[in-house]
Structure formats: structure tokens, C-alpha cells
Amino acid sequence: MLSIQVIRENQLEVIRRLSMKNFDAAELIASVLELDEKRREFQKQLDELNSQSNQLAREIGILFKSGKTDEGNRLKEQTGPLKTRSKEAEASLDAAKRELDERMVLLPNIPHSSVPKGSSAENNETVYEEGTIPELPDAAIPHWELGPRFGIIDFALGTKITGAGFPVYLNLGAGLQRALINFFLDQALKSGYTEIQPPYLINSASGFGTGQLPDKDGQMYSIPEDDLYLIPTSEVPVTNIYRDVIFKPSDLPVKHVAYSACFRREAGSYGKDVRGLNRLHQFDKVEIVQITEPDLSYDALEEMREYVTGLIRMLELPLRVLNLCGGDISFASAKTYDMEVYSAAQKRWLEVSSVSNFESFQSQRMKLRIKDDSGKTRPAHTLNGSALALPRIVAAILENNQTDKGIRIPEVLVPYTGFSIIS
RNA sequence: GGAGAGAUGGCAGAGCGGUCGAAUGCGGCGGUCUUGAAAACCGUUGACCUGCGAGGGUCCGGGGGUUCGAAUCCCUCUCUCUCCGCCA
């Protein structure tokens, strides 16, 4: 959520910058400002009326206490009309507030000035590309064939017991999963992140806090009976730990890492994008989250980007970093880097991490604030990124490292897997 | 799942329906004292809305009600604790 003050003070600037997200905010902002005006007007009325009734009640109290019941009763008569008026003012105020909120949550975050212009993925800016794209033998096959052939991933079995998009990892495949998770967690710990094991189900307040609700509820699996949702990423429970929290400056930055399974409905996806491990309903991910002072959040974003590219490098995978354009960054994000690895048998880049700075967008929703020595409170900045999401990493490892002897495991993982080749 | 108890400021813990935003203690901050620290003493110490400010308003788990007036009474929801049952 954007701050109403920012909108009030920079109306045109906000509209201009939101247009970079292909979002025409003019009408919405006009109505927001109007409702804000109304809200303050009703608030003033209500305050004034309350002030009067408080005054009267006090006086009546004093009169009754000192035995002047008649005078007290006379004063009481004045309270009736005051009460009706304040009921009215309160109703108007509530309505204005509700409408204002309804509209405020429709406004996406403002993209940072370094976000490239553009309306679709084609306009994303390649920050850099590194590593060599492996030459595979003619007999090379994509991971969705490799998995079953080596008996390490069974897609059909997942379909049998659950449905499409829920693969079963077997034997060394399961071992590889576990190894990656532990490797990622250990690396993050080394970089100063503290580990969290969050719940996999969240309530709607948490979904709202990080921006999944109300607009993207169709992307989460829900449990209506208990009013809960399955987490689409551990970002949601981990960031919401700090909902309604006020930090001292010395508490920051907060740096957390969490492994969790992630659940996504992925309604509307189709074709080659969902083939094999490319897009799943359940997948494993290690996520990093930071909460920082506002003026340090872009340093943190760069640091997280460096950290994630470091992981990919260690796994010996060809890497590409994208600075997402205005039209491609998410609703809540101010700036996002996507990290991609090259999957050599599919001959395509696969997104394995998305690192975003939400600035105060989530904090505003969550009331996550910093209170400095002067006693002023201001929203903190929140960031998060995958470090990393497993399935596409596994796809790339399987495809890129296939040899006629089997699939070679990247060296850094061998201490974790206990094997160096899948054959 | 059944029965009961409770939810108050960073924490602990008071609070006959009437200047209660809330006693007291601890913690935090500032000061006196000290070479320094501790102790002691003094002062200070919630959030939010609105206003240039003075000020005004809201908040004692959430929502609703009674009343001129609610932290205090009533209803309801949520959560916590105790006992019983079941159980990884």
C-alpha cells in the first residue's frame, strides 16, 4: 500500500510513475484524494461532537457527585441530539474509510527510477550473463525424460496420488533435493541470515500483509473451513512475523532464511512452461528476507542479488541476471531482479530466483515500522528473494550435466549428497 | 472433543460505572553523585488520527450493546491457561 501522504503531495508524479507499470492511476487517485478529503472532514466533525459529549459527561458526573441531581438531569437532556449526530458522523466516517481502503489496495507499488521502461518480458534489461552454455551430445534429453529414466523423479506417480504438478522424488532424486536445501541453508547462515521454520498455512491477515490478498487469492490454495491459505512462498509467514512490530534502528537489518515447501495453483499456465519441473503446484524453496532502514534497502537489494548469483555460480550453471521492466515487475515490487539459469536440453533460460525490494509497500500494509530516538515512526523497507527455488535448478543440473556415464553432481553438493554421479 | 478460568502499557501487575491513558514494580531513557561503573536519589518513558500550533479525538484481545458517562455491566468472536478425553 502506498502512503496517502505521498499521494497527496505528489499526485502527478505518482500517476506518471505508475504508468510505467502499465497502470492508469489517474481516476483511482482522484477518487482516493477525494475520499481522503471526506474522511478528514468526517473525522473532524466526529472529534468535535465527541469533544462536546465528553465535556457534558464530565460535568454531569461532577454534578451528580456533589448531589446536584436536578442540574445533572437537566444537562442530560442536551446529550440526546449530540448522540444522534455523532452516530451519523461515525457512519459517514466508517463508510469513507472503507471506500478509501478499498481503493488504496488497488494501487500497485511505484517502480524505482532504475527500472527500465517496457510493457512485457521482452523489455527486461539483461544486466549480465556469464558462464558457458554446455554443448550436449546429440542423444541429450530434457529433464522430464532424464528423471524417469534414472528413477529419481516420477511425474506419473505424483499424478496418481495427487494430480499434475506434484512430482514424486525417489532415491537419489530425493537425496539431491535434501542436499540442495541443506546447501542453500548453510550458505545463507554463512552470510549472516538466521534460520526460520515457518508454518505452511497462513491466515488472511498475513496474506494481506505481504500483498497476496485481496487481489491474488486465486493463486493460493485455500482451506475455507478454517479460513487459512497454503503458503505460496515462505516470504509470507516470515515477513509477517514482523506485522505490527516497531523496530529500534539498532534492530536492523533483519536477515532471515527459511526453507519451505511452496504451494501455487498456477491457474492459467499451460504448454512448455509447465512441462516437467518447469512449473509445479508444490515445490521446495529456500527464501531470504530482509528488513532494512529505508535508505539502505537498495544496498540490501544489490547484496541479495550478489548472494544469489554466487549460489548459481557455485552450482556451475550458466547465469543471466535481468532487471525487470515496469510492465513485468509484480504489483507489490518497486524493483526486481530475476536470476535465470540455462537449461541446455530445453535450450531455454529458466527463472530460479526473483529478488525484490518492496520499499514500504508491504510495511505500510503490515504496520511494520521503525521508531528512532526522536520518537518519530516511519515504515521500514522489506525485501525478499529466492535462494533458491529447487525444481528448475534440478532441471538444469540434470540436463546440463548429463554424460554417457550418468548425471554429474556439482562439486559443492557432493559433501551434501554423498554421491557424485547419478547413474 | 468436554468442563472451567482468563486476556490491561516493553514486561509483571492493580483498577467501588464518573477528570483512568490507566496505580505500583521492573525494564528503558535523561540527570545528580563517582576517576569510571554499580548502588542510591531525582526526573522521564505507549500507539494512532487531526491541526502550523495550542489543542482535540481514538485505542485497556476483536466486534456489537446498555448508559449522560464503560478498562469496569451485557452479548458475541478470537486467543491463552488448567483439568478430562484422544493422539504424532
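Below, read A as the first sequence line, B as the second, and so on, with proteins coming before strands; counting in each chain starts at 1.
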Next on the checklist: Between A/Glu303 and A/Gln290, do the side chains contain a donor N or O and an acceptor N or O under 3.5 Å apart?
Outcome noted: yes
Checklist outcome for this item: Atom CG of A/Leu49 and atom C1' of B/C68 are separated, to the nearest Å, by 15 Å
Checklist outcome for this item: Side-chain atoms of A/Arg39 come closest, of B/G69, B/G57, B/U50, to B/U50
Checklist entry - Would A/Lys44 and A/Glu48 pass as an ion pair if we require N to O under 4.0 Å? => result no
Checklist entry - What integer distance in Å separates A/Ile60:CD1 from B/G18:C1'? => result 10 Å
Next on the checklist: Quick one, A/Asp36 with A/Arg39, criterion salt bridge (Lys or Arg N to Asp or Glu O under 4.0 Å). Give me CA distance, side-chain angles, the key distance, then yes/no.
Outcome noted: CA-CA 5 Å; A/Asp36 179 47; A/Arg39 194 202 90 224; 2.7 Å; yes
Item to check | Nearest to side-chain heavy atoms of A/Ile246, which nucleotide of B/G56, B/C68, B/A47 | outcome: B/A47
Next on the checklist: Under a 3.5 Å cut-off for both contacts, is B/A7 paired Watson-Crick or G-U wobble with anything, and if yes, with which nucleotide?
Outcome noted: B/U78
Checklist entry - What is the distance from CG of A/Asn203 to P of B/G61, rounded to the nearest Å? => result 20 Å
Checklist entry - A/Lys248 NZ to B/A47 C1': how many Å, rounded? => result 16 Å
Checklist entry - Which nucleotide sits closest to the side chain of A/Asp47: B/U50, B/G69, B/G56? => result B/G56
Checklist entry - Where the side chain of A/Arg369 is concerned, which of B/C48, B/U58, B/C68 is the nearest nucleotide? => result B/C48
Next on the checklist: Rounded to whole Å, please give me the gap between NZ in A/Lys87 and C1' in B/C68.
Outcome noted: 13 Å
Next on the checklist: Can you tell me which nucleotide in B/U67, B/G51, B/G56 comes closest to the side chain of A/Arg40?
Outcome noted: B/G51
Item to check | Separation of atom NZ in A/Lys371 from atom P in B/U45, rounded to whole Å | outcome: 11 Å
Checklist entry - Does the distance from a Lys or Arg side-chain N to an Asp or Glu carboxylate O, for A/Glu90 and A/Lys87, drop under 4.0 Å? => result no
Checklist entry - Paired with B/C68: which nucleotide, if any, by Watson-Crick or G-U wobble criteria at under 3.5 Å for both distances? => result B/G18
Checklist entry - Does any nucleotide pair with B/U58 by Watson-Crick or G-U wobble geometry, both distances under 3.5 Å, and what is it? => result B/A47
Checklist entry - Does the ring of A/Phe247 carry A/Arg369 above it, NZ/CZ under 6.0 angstrom from centre and within 45° of its axis? => result no
Checklist entry - Rounded to the nearest Å, what distance is computed from the CD atom of residue A/Glu48 to the P atom of nucleotide B/U50? => result 17 Å
Checklist entry - A/Asp227 CG to B/G62 C1': how many Å, rounded? => result 14 Å
Checklist outcome for this item: Closest of B/G46, B/G56, B/U58 to the A/Asn50 side chain is B/U58
Checklist entry - Taking the side chain of A/Ala57 as heavy atoms from C-beta outward, which of B/G56, B/C68, B/C48 is closest to it? => result B/C68
Item to check | Base paired to B/G1 (Watson-Crick or G-U; both N/O distances under 3.5 angstrom) | outcome: B/C84
Checklist entry - Would you say A/Asn54 reaches B/G56's phosphate, i.e. side-chain N/O to OP1/OP2 under 4.0 Å? => result no
